Amino acid sequence: MTNERKAPLDFIRTIIAEDLKSNKYQGRVVTRFPPEPNGYLHIGHAKSICLNFGVAKENQGGVCHLRFDDTNPIKEEEEFFESIKEDVHWLGFDWGKNLFHASDYFEQLYQWAIQLINSGKAYVCDLSADQMREYRGTPTQPGRNSPYRDRSVEENLDLFQRMRAGEFEEGSRVLRAKIDMAAPNINLRDPAMYRILKVAHQRTGDQWRIYPTYDWAHGQSDSIEKITQSICTLEFEIHRPLYDWFIEQIGIYHPRQIEFARLNLTYTVLSKRMLKQLVESKLVSGWDDPRMPTISGLRKRGYTPEAIRDFCDRIGVAKADSRVDIALLEHCLREDLNKRANRVMAVLRPLKVVIENYPEGQAEDLEAVNNPEDPASGTRKVSFSRVIYIEREDFMENPPKGFFRLAPGREVRLRYGYYITCKDVVKDPKTGEITELHCVYDPETRGGGSPDGRKVKATLHWVSAEHSLPAEVRLYGHLFTKPNPDEIEEGKDWKDSLNPESLETLTGCRVEPSLKNAQPGDRFQFERLGYFCVDKDSKAGAPVFNRAVSLRDEWSRIQKSRK
RNA sequence: UGGGGCGUCGCCAAGUUGGUAAGGCAUGGGAUUUUGGCUCCCAUAUUCGUAGGUUCGAAUCCUGCCGCCCCAGCCA
């Protein structure tokens, strides 16, 4: 299948187009997304997924593999394998039969290691980790050769086999590539290929007592899978000479590695290490906390795969370090949901309004449009009665200039309802808090239009007291107060900039009756408020909504600019 | 100070052989509006980190300088 993209080709797609043109790989395009199953996927991974699977999809016969780089059993867990597969699928991509694991190649890798030992290109080293560090030198000083560097092939073979057999303690020996301890590129200073880890592996069980390092496994895994363009992030650029060296020494198929800049987003962190810490220290409710930039968190928050894919298309792919404004992500969601989400009325902070001239005990159904952006979505009925709730912030006793919602003596429209005019403000005599409003309605304005053509400045959302349903609503804000939480100030901890107001739970909310049968995962636009998603915590008659993103709000911006 | 990269509008990012700076987000203004939503118009880099050089002409070529990121895990 071939999908056309409108945007100009990024540098990676340009390279692939050129490779195709020169027939470098006989017309094949095989990419791969190679996560380590040691955490949940986040929006940064989505960028890589969209790139790798996207490139495959755009080119005739292109394929993208999902390969788990499961070379470190200490950090990897079954839970992560599952979440990763779920998230990739949810994003809309399919690896088909091409699901692989670096652990599938452990035996082959071992044989290649033997080959390198035989050709004098690898040796068993007895230096401790600390000693190895000392011998490695620094960026400006060359390293020194290990005293074990010149062991005979026979001895190396023997030792390496015994490492595999589990004869030695963890950390006592490693297999190293014999390259150049004076190389200016530190990765070439005899890097470790195998370490002893007496730990069971999720997939290979107790079969192995030694495990390949990522550097030793990754390039060969790509080679085995006949990957054409091996796309990875910038930090691996300096590893490329090592990968090239391994592949040349073994004499196998050579994929082309291309590096791009990883994603950074404002007001959040995109490092698995930090995200894991937030989860483990219970600073968030889990990997799928709606405040997390994880795929599962975004999903729970109400994001759509379409919005995330659109975002990934828009940010582009390049080599310059960058930090994308999270407002762009939010914009992508709004744009998607504006077209698709049905509109509904919900009052988050209810203020009671009694319509004095509306007959007691009377009720009527008003017709409301489900989505003005999508005529096919039809209409629904909304119950109206004498006592309704409006949003507390839609009334001001002493309105400042520019506030054109309800105020004493002022007339506004109730969406799909009537024009009402505020006659009285009732307050708690003790606290002075406004407890209810008394209004009168104009029966001629049913549906929201006035026969005399009189205009009102504002339209309010509302809900009938008697007919509405109680609900809980969770409002989410940025996880951090700083745009760049990973740039830590002197003497501070990155967690210090966590936003204490990133979650606000509202319990006394009222929503219109049509939401009675809303299912977890359903998304709606609460008119004038934002886009909300039904949470799994919902119970019958007690729905819970997560705010995915607010609507753009000119009034709040006016207020903000006045401060 | 060794090596590898990168520097185009507030944030991303096009700019393929040098020909006179796309687009999106954000922001400001206006129109429209039964969501202060959506939509639609308009505005916003005489300038491409910087200083020189080559050229009729440079963001694109050359040289120097400055800045930022990555590398010293038996992590990935």
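None of the values given here were measured: they were computed from a predicted structure. Convention: sequence-line order gives letters A, B, ...; per-chain numbering from 1. Below, each value reflects all heavy atoms present in this structure, side chains not excepted, and no hydrogens, waters or symmetry copies.
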Inset, instruction - Look through every strand shown and name the nucleotide pairing with A14(B) as Watson-Crick or G-U wobble, where both distances are under 3.5 Å. - result: none
Inset, instruction - Provide, to the nearest angstrom, the distance between the NE2 atom belonging to H239(A) and the P atom belonging to G5(B). - result: 13 Å
Inset, instruction - Could you check whether M132(A) gets within reach of a base, just the sugar-phosphate, or nothing at all, counting any heavy atom under 4.0 Å? - result: base
Inset, instruction - Determine the interatomic distance between P on U16(B) and the same-named atom on U60(B); round to the nearest Å. - result: 11 Å
Inset, instruction - Ignoring the backbone of R415(A), work out which of U35(B), G37(B), A76(B) is nearest its side chain. - result: U35(B)
Inset, instruction - Syn or anti for G73(B), please, going by whether the chi angle lies within 90° of 0. - result: syn
Inset, instruction - Return yes if a side-chain donor-acceptor contact under 3.5 Å exists between Y243(A) and D215(A), otherwise no. - result: yes
Inset, instruction - Could you please name the option among C71(B), U35(B), G36(B) that lies closest to any side-chain atom of I238(A)? - result: C71(B)
Inset, instruction - Pick base, sugar-phosphate or nothing for L127(A), based on heavy-atom distances below 4.0 Å to the nucleic acid. - result: base
Legend entry - Distance below 4.0 Å between T71(A) side-chain N/O and A76(B) OP1 or OP2: yes
Legend entry - Summary of protein contacts for nucleotides 10-19 of chain B, nucleotide by nucleotide, where a base hit scores B, a sugar-phosphate-only hit scores S (4.0 Å, heavy atoms): -SSSS-----
Legend entry - Short side-chain N/O contact from R552(A) to OP1 or OP2 of C25(B), under 4.0 Å: no
Inset, instruction - Step by step, work out the ring-ring contact (aromatic ring centres under 6.0 Å, His included) result for F384(A) and W462(A). - result: CA-CA 9 Å; F384(A) 184 80; W462(A) 54 276; 5.2 Å; yes
Inset, instruction - Establish whether the base of G24(B) is bridged to the side chain of E335(A) by a donor-acceptor pair shorter than 3.5 Å. - result: no
Inset, instruction - For E36(A), report the nucleic acid contact type (base, sugar-phosphate, nothing); a contact means any heavy atom under 4.0 Å. - result: sugar-phosphate
Legend entry - Base paired to A43(B) (Watson-Crick or G-U; both N/O distances under 3.5 angstrom): U27(B)
Inset, instruction - Tell me whether the OP1 or OP2 atom of A72(B) has a side-chain N or O from R144(A) closer than 4.0 Å. - result: no
Inset, instruction - Compute the ring centroids of Y148(A) and Y135(A), then answer whether they are less than 6.0 Å apart. - result: no
Legend entry - Per A192(A) side chain, nearest of listed nucleotides G37(B), C74(B), G5(B): C74(B)
Inset, instruction - Between A76(B), G37(B), A72(B), spot the one nearest the side chain of R136(A), thanks. - result: A72(B)
Inset, instruction - Would you check, one step at a time, whether the test side-chain hydrogen bond (donor to acceptor under 3.5 Å, both in side chains) holds for E444(A) with Y419(A)? - result: CA-CA 9 Å; E444(A) 298 297 306; Y419(A) 285 14; over 6 Å; no
Inset, instruction - Give one of base, sugar-phosphate or nothing for G143(A), where a contact means two heavy atoms less than 4.0 Å apart. - result: nothing
Legend entry - Closest nucleotide among G36(B), A76(B), G2(B) to the I186(A) side chain: G2(B)
Inset, instruction - Considering just the side-chain nitrogens and oxygens of R273(A), establish if one lies under 4.0 Å of OP1 or OP2 belonging to C75(B). - result: no
Legend entry - C68(B) - base-pair partner by Watson-Crick or wobble geometry, distances under 3.5 Å: G5(B)
Inset, instruction - Under 4.0 Å between any heavy atoms, over every strand shown, what does E259(A) touch: base, sugar-phosphate, or nothing? Just pick one. - result: nothing
Legend entry - Salt bridge present between E225(A) and R32(A) (N-O < 4.0 angstrom): no
Legend entry - Between C1' of G30(B) and CD of E554(A), the distance in whole Å: 11 Å
Legend entry - Which nucleotide in C75(B), U35(B), G2(B) has an atom nearest any side-chain atom of T459(A): U35(B)
Inset, instruction - Report the relative orientation of the aromatic rings in W494(A) and F480(A); use parallel for angles under 30°, tilted for 30 to 60°, perpendicular for over 60°. - result: tilted
Inset, instruction - Using Watson-Crick or G-U wobble geometry with both distances below 3.5 Å, tell me the partner of A21(B), or none. - result: none
Inset, instruction - Among U35(B), G5(B), G2(B), find the nucleotide with the atom closest to the side chain of R528(A). - result: U35(B)
Inset, instruction - Would you please classify the geometry between the F526(A) ring and the F532(A) ring as parallel, tilted or perpendicular, with 30° and 60° separating the classes? - result: parallel
Legend entry - Euclidean distance, atom CZ of residue R334(A) to atom C1' of C25(B) [Å, nearest integer]: 11 Å
Legend entry - Pairing partner of C75(B) (Watson-Crick or G-U wobble, both distances under 3.5 Å): none
Legend entry - Distance in angstrom units between E330(A) CD and A26(B) C1', rounded: 12 Å
Inset, instruction - Please tell me which of the listed nucleotides, G5(B), G36(B), A76(B), lies nearest to the side chain of D69(A)? - result: A76(B)
Inset, instruction - Specify the separation, in whole Å, of atom CD of E237(A) and atom C1' of C6(B). - result: 9 Å
Legend entry - H331(A) side chain, from C-beta outward: closest of G37(B), G4(B), A26(B): A26(B)
Inset, instruction - Could you measure between the two C1' atoms, the one in C69(B) and the one in A43(B), and give it in whole Å? - result: 35 Å
Legend entry - L116(A) CG to N156(A) CG distance, which is reported to the nearest 0.5 Å: 11.5 Å
Inset, instruction - Could you tell me how the ring of F68(A) sits relative to the ring of F81(A): parallel (under 30°), tilted (30 to 60°) or perpendicular (over 60°)? - result: tilted
Legend entry - Pair of N/O donor and acceptor under 3.5 Å linking U35(B) base with Q525(A) side chain: yes
Inset, instruction - Have a look at T138(A) and say if it touches a base, only the backbone sugar-phosphate, or nothing, with a 4.0 Å heavy-atom cut-off. - result: base
Legend entry - Residue matched to U35(B) through Watson-Crick or wobble contacts both under 3.5 angstrom: none
Inset, instruction - Rounded off to whole Å, could you give me the CG-to-C1' distance for the N187(A) and G5(B) pair? - result: 14 Å
Inset, instruction - Take the protein atom CZ of F236(A) and the nucleotide atom C1' of C69(B), then report the distance between them rounded to whole Å. - result: 15 Å
Inset, instruction - Answer with base, sugar-phosphate or nothing: what part of the nucleic acid does P372(A) contact at a heavy-atom distance below 4.0 Å? - result: base
Legend entry - R343(A), nearest nucleotide to its side chain (from U35(B), A76(B), C75(B)): U35(B)
Legend entry - Rounded interatomic separation in angstrom, taking CG from L333(A) and C1' from C38(B): 15 Å
